[in-house]
Amino acid sequence: MLNIQDSHYITELCKGAELMSRYGWSERNAGNISVLLPEAEFETPREILRKFQLPFSPPELLGRVILVTGTGKYFRNIAQNPAENLGVLRVGKGELELLWGHENGGAPTSEISSHLRSHAARLRADPLHSVVCHTHPTALIAMSAVHDLSEREFSRTLWSSAGECLMFLPEGLGVLPWLPCGCDEIGLATAEKMKNYRLVIWANHGIFAAGKSLDDALGLIEIAEKAADIYLKIANFPDKRLITAAQLRQLAETCKITVKEGWLND
Ligand code: 2HA
Ligand code: ZN
């Protein structure tokens, strides 16, 4: 049975959270992470330490066990005390059962709705999906304040700023307008986008990423953030040379990448 305290899932989460903190994407308690743990590890019954009410229960997740960051916790502090900053919870009907962690009165992230609903949506798209990560990458947030928020235009600008972005994010990015955070409305809207995208921008706030591992999800954010940073640095130069539509088509052909119909037109 999984020894939670020594699990590599905790080590990876701590490493990723510290990295996001060093990137400057996780000011104060910004950001949250959740990981679907392997079902087989939790066959042996465990004591339920506490319960947290949920206003919904995604049927796909009933009985699944998740590792999740605690509300109000700082990414930079997680590694110093995982049992206080993290929790392991089983998804029940309308509630979460705490199996480990959230010590000293802790509770799951305020964005639990976006996490659980996104897991359900991504599992339908990718059986190997396991991680949802939210953070505040500066350049992408800045870009969301000045750029057309249509998904095609936003994705095209990122692809044209850094070709790697087309190679690793050929489906583009989902974009949501600014919405109040920490509620089920933004959770539902995020999960709707997650049906088709692994990255979803919350305009003027941050990003949600999904992946097979935290490295996978974080790698996608790094690529999009790099492209947004390049774009913002060159956007106001009169003679800039972005990657053209013809060059993007050439890249897609070389890398055998399929892109949505019309998204690489001039
Ligand atoms: O966890 O980032 O969106 C703090 C947040 C809320
Ligand atoms: Zn946030």
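Whatever order the structure lists them in is the order used to number ligands and atoms, beginning at 1. Hydrogens, waters and symmetry mates are skipped; everything else that's a heavy atom, side chains included, is used.
Listed by chain and number, the protein N, O or S atoms at a distance under 2.8 Å from the Zn ion (ligand 2) are H134 NE2, H136 NE2, H205 NE2.
Side-chain polar atoms of S144 and W178 form no donor-acceptor pair below 3.5 angstrom.
Using a 4.5 Å cut-off on side-chain heavy atoms (C-beta onward), L37 and I66 make no contact.
Each of V131, V68, T69 was evaluated against L13; a single residue qualifies, T69, per the side-chain contact (heavy atoms from CB on, under 4.5 Å) test.
Salt bridge status for K260 with E171: absent, with no side-chain N to carboxylate O gap under 4.0 Å. Look at K193 and E151 and you find a salt bridge, because one of the NZ, NE, NH1 or NH2 atoms lies within 4.0 Å of a carboxylate O, short of that distance. Using a 4.0 Å cut-off between a side-chain N of Lys or Arg and a carboxylate O of Asp or Glu, R198 and D126 do not qualify as a salt bridge. Between E192 and K195 there is a salt bridge, since a side-chain N of the basic residue sits under 4.0 Å from a carboxylate O of the acidic one.
Near ligand 1, N29, A30, G31, N32, E111, H134, H136, H205 each place a heavy atom less than 4.0 angstrom from the ligand.
Between H134 and F208, the two ring planes are parallel [angle under 30°; tilted spans 30° to 60°].
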Legend entry - E60 and R124: CA distance, side-chain angles, deciding distance, salt bridge (Lys or Arg N to Asp or Glu O under 4.0 Å) verdict: CA-CA 9 Å; E60 299 87 343; R124 268 177 251 133; 2.5 Å; yes
